[in-house]
Amino acid sequence: MYVFLDFEASSLAKRSYPIEVAWVFEDGREESHLIRPAAQWTDWDDAAEAIHHIPRATLAADGVAHDVVARRMVETLTGHDLFASAPSWDGKWLSALLRAAKLPRHALRLRDTEEAQRATATALLRDIVPADMLGRTVADAVALAEVRDRDVPAHRALADARDEWRRWCLVRDAAKARA
């Protein structure tokens with residue numbers, strides 16, 4: 001099953017770490033966690049906090065221990081196709097979370113959400129659209145979803161994961177309408 005995932009982080013610096021993660025399954029089930037930082041995670045950027053509005057004190061008071069979140073992710077997400085709008089950034093924070101929890105850093109892998117969009121549209125249209133027009137028709141469905149969805153990221157993990165899921169739904173629904 002496809003799963004759309006997003007992280008919020010302490011900063012965009014090299015030593016940044018994840019502070020929030022959320023995911024939405026293609027069937028709409030969702031989960032979100034504030035992450036209590038590992039002891040060795042000290043990086044913090046007040047400018048990043050001004051964007052995501054998650055104070056360090058909130059992470060300490062309400063966050064779930066980083067290793068508990070990492071184990072939950074591996075338990076829940078293993079065997080599913082994971083997608084993010086920025087897989088290099090989100091992958092960096094996923095890797096940091098897994099390493100800090102002493103789990104294999106490649107236990108979970110992220111791919112670009114557009115791959116899920118294209119694969120879904122292709123699967124729905126391949127038997128209906130002539131082969132020479134399939135690529136263009138799929139690209140049109142993906143572009144249409146981008147045009148229809150012009151929301152600015154909320155910079156909260158669950159809201160942004162939901163946005164990724166909604167964009168995928170728009171592509172799926174556009175392909176179904178064409179079929």
Side-chain angles (χ1 to χ4, degrees), residues 1-14 16-33 35 48 51-52 69-70 72-100 103-126 129 131 133-179:
M1 184 173 291
Y2 289 171
V3 182
F4 303 92
L5 183 141
D6 187 69
F7 279 98
E8 295 304 321
S10 64
S11 76
L12 294 178
K14 183 177 180 180
S16 65
Y17 54 87
I19 63 168
E20 184 180 43
V21 64
W23 55 86
V24 180
F25 282 88
E26 70 181 76
D27 64 8
R29 289 177 293 136
E30 59 188 39
E31 199 166 316
S32 178
H33 301 276
I35 302 167
I51 294 169
H52 55 61
V69 174
R72 176 69 182 156
M73 290 182 74
V74 170
E75 169 190 301
T76 305
L77 302 176
T78 295
H80 296 285
D81 295 313
L82 308 180
F83 298 95
S85 62
S88 60
W89 283 107
D90 290 309
K92 168 192 175 356
W93 296 313
L94 175 59
S95 180
L97 181 63
L98 294 171
R99 278 193 322 265
L103 295 169
R105 73 180 188 99
H106 294 300
L108 301 171
R109 297 277 196 159
L110 295 178
R111 298 181 352 226
D112 194 299
T113 298
E114 192 172 307
E115 289 181 46
Q117 294 170 348
R118 289 184 179 284
T120 298
T122 299
L124 289 168
L125 296 170
R126 82 167 46 100
V129 175
M133 295 181 62
L134 182 59
R136 174 182 217 118
T137 305
V138 167
D140 288 349
V142 171
L144 182 61
E146 286 298 317
V147 168
R148 286 186 178 163
D149 185 28
R150 290 286 189 201
D151 289 341
V152 175
H155 296 292
R156 287 302 303 259
L158 184 56
D160 292 346
R162 283 178 182 152
D163 284 346
E164 289 303 301
W165 173 73
R166 276 194 285 273
R167 270 191 287 284
W168 173 80
C169 289
L170 285 171
V171 170
R172 180 199 60 200
D173 294 348
K176 282 182 179 179
R178 175 72 193 250

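Taking 4.5 Å as the limit, some side-chain heavy atom of L77 sits within range of a side-chain heavy atom of F25. With a 4.5 Å cut-off on side-chain heavy atoms, F7 and L97 count as touching.
Residues satisfying the side chain to side chain contact (heavy atoms under 4.5 Å, CB included) criterion with A13, sequence neighbours excluded, are S11, D43. Remark: E8 pairs with no residue by the salt bridge (charged side-chain N to carboxylate O under 4.0 Å, His left out) rule, at least two apart or across chains. Partners of D81 under the salt bridge (charged side-chain N to carboxylate O under 4.0 Å, His left out) rule, at least two apart in sequence or in another chain, are R111. Applying the side chain to side chain contact (heavy atoms under 4.5 Å, CB included) test to S85 and every residue at least two apart in sequence or in another chain returns E164. Residues meeting the ring pair (Phe, Tyr, Trp, His ring centres under 6.0 Å) test with Y17, sequence neighbours left out: W41. Residues satisfying the side chain to side chain donor-acceptor pair (under 3.5 Å) test with W23, not counting sequence neighbours, are none. Here L103 pairs with A70, R71, V74, L98, A101 under the side chain to side chain contact (heavy atoms under 4.5 Å, CB included) rule; sequence neighbours left out. Residues satisfying the side chain to side chain donor-acceptor pair (under 3.5 Å) criterion with W93, sequence neighbours excluded, are S16. A search for side chain to side chain contact (heavy atoms under 4.5 Å, CB included) contacts involving S88 returns nothing, not counting sequence neighbours. Partners of E114 according to the salt bridge (charged side-chain N to carboxylate O under 4.0 Å, His left out) rule, which considers only residues two or more places apart in sequence or in another chain, are R118. For R72, the salt bridge (charged side-chain N to carboxylate O under 4.0 Å, His left out) criterion is met by E31, E75, not counting sequence neighbours.
Taking both residues in full, the closest heavy atoms of I35 and E20 are given as CD1-N, 3.8 Å, listed atom of the first, atom of the second, then distance. Contact between M73 and V21 at its shortest, heavy atoms only, is CE-CG2, 3.9 Å. Smallest separation of non-hydrogen atoms from A48 and A9: CB-O, 4.3 Å. Among all heavy-atom pairs drawn from A121 and A175, the shortest one is CA-CB, 3.9 Å.
Ring centroids of H80 and Y2 are separated by 6.0 Å or more, keeping the two rings apart.
The CG atom of L158 sits 4.5 Å away from atom CD of E30, with the distance rounded to the nearest 0.5 Å. Atom CZ of R156 sits about 11.0 Å away from atom CG of D6, to the nearest 0.5 Å. Here D112 contributes atom CG and F83 contributes atom CZ; the two are 9.0 Å apart, rounded to the nearest 0.5 Å. For the atom pair L124 CG and K176 NZ, the distance stands at 6.5 Å (nearest 0.5 Å). Going from atom CH2 of W165 over to atom CG of L5 covers 15.5 Å, rounded to the nearest 0.5 Å. Interatomic distance, I19 CD1 to H52 NE2, rounded to the nearest 0.5 Å: 3.5 Å.
A donor-acceptor distance shorter than 3.5 angstrom exists from the side chain of K92 to the backbone of K14, with no hydrogens or angles considered. In this structure, the side chain of E26 does not engage the main chain of M1 through any donor-acceptor pair within 3.5 Å.
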Acceptor/donor pairs from residues 134-142 side chains to any protein atom, 3.5 angstrom cut, sequence neighbours excluded:
from : atom 1 : to   : atom 2 : distance (Å)
T137 : OG1    : M133 : O      : 2.8

